[in-house]
Visitor: 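Quick one: this structure, given as structure tokens, is what I'll be asking you about.
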Amino acid sequence: MPPPTKGGASRACAARALGAVLQGQGNLKGQLETQFQRTSSLSPVDRRFATQLAFGGARVSLRLLPLIDGALKHPLKERDQDLRALMVGALYQMHWLGAAPPLCVNGAVEATRALKKPWASKLVNAVLRKFPTEALSATLVAQSPEVQSGLPSWWYNALARAYPDQLAEVIAAGNSEPPLTLRVDGDRDAVAAEVEALGFEPRLGTLSPRALYLDKAPPLEALPGFLEGRLTVQDEGAQLTTELLDLAPGLAVLDACAAPGGKASAMLAACPGLQLTALDPSPKRVERLLDTLKRTGSTGFSVHCADALGPGPWQRAEGFDRILVDAPCSGTGILRRQPDIRLLRQPEELAKLSALQGALLRALFPQLKVGGRLVYCTCSVLPEEGEAVVAKFVAETPNARALSLPERYGIAAGPGRQRLPTREGPDGFFYAVLEKVPAP
């Protein structure tokens, strides 16, 4: 990556964004967007550098923050979380990106002025100089496996219980930098050739015939076919849900948690002639859903800003042939794409999410026609949000039958399949397919 033209301003943007996350003020992507709006003079290179520092720092924050705090004479105040984040970014750049320590230290000191906290320049300089490269490396290597995971204790222990044999691979995948994964609606080989002609190295997905991977890529708008709707950002694991629905023209399909529109647009592209109803309770997310459907040239749909848990004009007296429930979840399967969730998720949230997921199944299954199928999926790797939810629902619902799924969807997980995240392939994803049979 070329050096940023405004190193101090870039670092300050990253520090403010990650610092806000540390204060529980929102997610990292939204905070970065806010900072970029406030610092409009940043070049594209500056923004990429700030994004790299913020997201990389989030990945390793739980490993570095105790070291930084231990090097302070006095704890920083809550309003100074941006300074903690600034030092995390510098140490991340030093150790994980291999940048020269003087560059990282001097850049962080310069950024204290961009943060309008010049009083902190000596403090930041003193703390960072306590971690020369070799000493920092030795300290990080000596950390326990739990600390090295970069996860909260409750999360690490949950993975250790669920996947003792795959624990190292799951953690490594979650801590990796994700590739850009695209869905190609059209000739994938032709698009791959166009992308390759731009100097990039596309990889074809092996599970979905539409998946295309790019480890390094230009802005989306510069990719051939994106603005025309031939390309959509969508993980390969998410792409598999379309085939699980077993679509056919004329079927009435409900996408109950549809925003931002990746799965809805995939269904319409794969099977023209559907009668698709898409729901989301958030007006802002409905806007994103509509933008996706417009960009991809989708037709044959109706969109409702509505909660799938309650009645509304989206319901059909005759019911739906297919229902997709891409349920709200912890996002533990997409940690590599949203590294800040390790700082945001709390263990008590799991019970609330599981209750919501079960409520969605109970509310939506009555809307399914006899002989129809409901696909339940989450981008989680925690059994509480996957197999446990579906197993409980099937046990309580006499006319619900779980269909067996082939191994390509992941390891057996109760009535469904669990795909674990990988470094170069799909994210973590749970799938289950329920068929409605006549009531006994």
Visitor: Would you say Lys29 has more than 12 foreign heavy atoms packed within less than 6.0 Å of its NZ?
Guide: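 For Lys29, atom NZ is not crowded (no more than 12 foreign heavy atoms under 6.0 Å).
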Visitor: Can you spot which of Val394, Asn399, Val325 makes a side chain to side chain contact (heavy atoms under 4.5 Å, CB included) with Leu434?
Guide: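 Only one option passes, and that is Val394.
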Visitor: Does either side chain, that of Thr332 or that of Arg345, offer a donor lying less than 3.5 Å from an acceptor on the other one?
Guide: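 No, no side-chain donor-acceptor pair sits under 3.5 Å.
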Visitor: Counting neighbours of NZ on Lys130 that are heavy atoms of other residues, nucleotides or ligands and sit closer than 6.0 Å, is the number greater than 12?
Guide: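 Yes.
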Visitor: Decide whether Tyr213 and Glu236 meet the rule of one side-chain donor and one side-chain acceptor closer than 3.5 Å.
Guide: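 Yes, side-chain donor-acceptor contact under 3.5 Å.
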Visitor: Between the side chain of Gln23 and the main-chain N/O of Glu78, is any donor-acceptor distance below 3.5 Å?
Guide: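 Here the side-chain-to-backbone pair exists.
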Visitor: Answer yes if the side chains of Arg11 and Gln93 hold a donor-acceptor pair under 3.5 Å, and no otherwise.
Guide: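 Looking only at side-chain atoms, Gln93 and Arg11 do form a donor-acceptor pair, the distance falling under 3.5 Å.
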Visitor: Decide if atom CZ of Arg408 counts as having more than 12 heavy atoms of other residues, nucleotides or ligands within a radius under 6.0 Å.
Guide: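 Buried by this count: over 12 neighbours within 6.0 Å.
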Visitor: If only side-chain N and O atoms count, and only distance matters, is there a donor-acceptor pair under 3.5 Å linking Arg295 with Thr232?
Guide: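 Yes, Arg295 and Thr232 have a side-chain donor paired with an acceptor closer than 3.5 Å.
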Visitor: More than 12 heavy atoms of other residues, nucleotides or ligands under 6.0 Å from CD of Glu201: yes or no?
Guide: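 Open.
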Visitor: Examine Arg63 relative to Tyr92 and say whether NZ or CZ is less than 6.0 Å from the centre of the six-membered ring and inside a 45° cone about the ring axis.
Guide: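 No, cation not above the ring by the 6.0 Å, 45° rule.
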Visitor: I want to check something: taking the side chain as every heavy atom from C-beta on, are Pro281 and Cys305 in contact at a cut-off of under 4.5 Å?
Guide: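 With C-beta onward as the side chain, the pair stays apart.
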Visitor: Name the residue from Val127, Leu115, Val88, Leu72 that meets the side chain to side chain contact (heavy atoms under 4.5 Å, CB included) definition with Leu83.
Guide: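 For Leu83, the side chain to side chain contact (heavy atoms under 4.5 Å, CB included) test succeeds with only one of Val127, Leu115, Val88, Leu72, which is Leu115.
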Visitor: Taking C-beta and beyond as the side chain, do Phe429 and Thr241 meet within less than 4.5 Å on heavy atoms?
Guide: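 Yes, close enough: below the 4.5 Å cut-off.
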Visitor: Taking NZ, NE, NH1 and NH2 as the nitrogens, is one of them in Arg84 or Asp69 under 4.0 Å from a carboxylate oxygen of the other?
Guide: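 The answer is yes: the pair qualifies as a salt bridge.
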Visitor: I'd like to check Asp246 versus Leu251 (side-chain heavy atoms, cut-off strictly below 4.5 Å). Are they in contact?
Guide: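 Of all side-chain heavy-atom pairs linking Leu251 with Asp246, none is under 4.5 Å.
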Visitor: Do His95 and Ser137 have side chains that approach each other closer than 4.5 Å (heavy atoms only, starting at C-beta)?
Guide: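 Of all side-chain heavy-atom pairs linking Ser137 with His95, at least one is under 4.5 Å.
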Visitor: Could you tell me whether Glu221 atom CD has more than 12 heavy atoms of other residues or ligands within 6.0 Å of it?
Guide: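 More than 12 heavy atoms, drawn from other residues, nucleotides or ligands, come within 6.0 Å of this atom.
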Visitor: List the steps, then state whether side-chain contact (heavy atoms from CB on, under 4.5 Å) holds for Arg417 with Phe430.
Guide: CA-CA 6 Å; Arg417 291 273 179 179; Phe430 175 82; over 6 Å; no
Visitor: Would you find a donor on one side and an acceptor on the other, under 3.5 Å apart, between the side chain of Gln367 and the backbone of Gln315?
Guide: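 Not at all, since once roles are kept as given, no pair shorter than 3.5 Å links the two residues.
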Visitor: Going through the distances and angles, do Arg183 and Ser265 end up as a side-chain contact (heavy atoms from CB on, under 4.5 Å)?
Guide: CA-CA 10 Å; Arg183 186 189 79 234; Ser265 62; 3.0 Å; yes
Visitor: Side chains of Leu240 and Pro426, heavy atoms from C-beta outward: is any pair under 4.5 Å?
Guide: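 When only atoms from C-beta onward are counted, Pro426 and Leu240 do not touch, as no gap falls below 4.5 Å.
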Visitor: In terms of heavy-atom contacts, does CD of Glu407 have more than 12 from other residues, nucleotides or ligands at under 6.0 Å?
Guide: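 No, the 6.0 Å shell around CD holds no more than 12 heavy atoms from other groups.
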Visitor: Mark yes or no for whether Arg188, through its side chain, and Ala211, through its backbone, hold a donor-acceptor pair below 3.5 Å.
Guide: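 Yes; at least one donor-acceptor contact below 3.5 Å.
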Visitor: Between Trp155 and Pro152, is any pair of side-chain heavy atoms under 4.5 Å apart?
Guide: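 Of all side-chain heavy-atom pairs linking Pro152 with Trp155, at least one is under 4.5 Å.
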Visitor: Can Arg316 be said to sit on top of Phe320's aromatic six-ring, NZ or CZ under 6.0 Å from centre and within 45° of the ring axis?
Guide: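 Flagged: Arg316 positioned over aromatic ring of Phe320.
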Visitor: Is the ring centre of Tyr431 less than 6.0 Å from the ring centre of Tyr376?
Guide: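 No.
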Visitor: Using a 4.5 Å cut-off on heavy atoms from C-beta on, say whether the side chain of Gln31 contacts that of Leu18.
Guide: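 With C-beta onward as the side chain, the pair stays apart.
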Visitor: In terms of side-chain geometry, is the basic nitrogen of Asp255 or Lys263 positioned less than 4.0 Å from the acidic oxygen of its partner?
Guide: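 Result for this pair is no, no salt bridge flagged.
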Visitor: Side chain of Asp82, backbone of Ala15: donor and acceptor closer than 3.5 Å?
Guide: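 Checking the backbone N and O of Ala15 against the side chain of Asp82, no donor-acceptor pair under 3.5 Å is found.
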Visitor: Please determine whether a side-chain nitrogen of the Lys or Arg among Arg288 and Asp280 lies less than 4.0 Å from a carboxylate oxygen of the Asp or Glu.
Guide: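 So Arg288 does not pair with Asp280 through a salt bridge.
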Visitor: Quick test of your reading of the model: are Asp340 and Arg59 salt-bridged, counting only N-O distances below 4.0 Å?
Guide: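 Not counted as a salt bridge, because no side-chain N and carboxylate O are separated by less than 4.0 Å.
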Visitor: Check the side chains of Arg203 and Thr181 for a donor-acceptor pair under 3.5 angstrom, ignoring hydrogens and angles.
Guide: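 No, no side-chain donor-acceptor pair sits under 3.5 Å.
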Visitor: What closest approach, in Å, do Leu374 and Leu368 show between heavy atoms, and which atom pair accounts for it?
Guide: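 Shortest heavy-atom separation between Leu374 and Leu368 comes out as N-CD2, 3.9 Å.
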Visitor: Whether the side chain of Glu169 engages the backbone of Thr422 through a donor-acceptor N/O pair (distance < 3.5 Å, no angle test) should be reported.
Guide: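 Not confirmed, Glu169 side chain does not pair with Thr422 backbone.
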Visitor: Has Asp80 got a side-chain atom pairing as donor or acceptor with Leu76's backbone, closer than 3.5 angstrom?
Guide: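 A pair under 3.5 Å: no.
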Visitor: Just by modelled atom types, is the Gly30 backbone N or O under 3.5 Å from a matching donor or acceptor in the Asn27 side chain?
Guide: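 Yes, because the side chain of Asn27 sits within donor-acceptor range (under 3.5 Å) of the backbone of Gly30.
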Visitor: Return yes if some donor-acceptor pair links the side-chain N/O of Arg16 with the main-chain N/O of Cys13 below 3.5 Å, else return no.
Guide: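 No, the answer is negative, given that no donor and acceptor are paired below the 3.5 Å cut-off.
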Visitor: Salt bridge between Asp185 and Arg230, side-chain N to carboxylate O under 4.0 Å?
Guide: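 Looking at Asp185 and Arg230, the cut-off is not met.
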Visitor: So among Leu403, Asp326, Leu244, Ile323, which one has a side chain to side chain contact (heavy atoms under 4.5 Å, CB included) with Val375?
Guide: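 For Val375, the side chain to side chain contact (heavy atoms under 4.5 Å, CB included) check succeeds only for Leu244.
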Visitor: Do Glu348 and Lys352 sit within salt-bridge range, that is, some charged N less than 4.0 Å from a carboxylate O?
Guide: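 So Glu348 does not pair with Lys352 through a salt bridge.
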Visitor: Judged by modelled atom types alone, do Ser330 and Glu385 share a side-chain donor-acceptor pair under 3.5 Å?
Guide: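 Short answer, yes.
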Visitor: Say whether Glu243 and Tyr409, considering side chains only, have a donor N or O and an acceptor N or O under 3.5 Å apart.
Guide: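 Yes - a donor-acceptor pair under 3.5 Å links their side chains.
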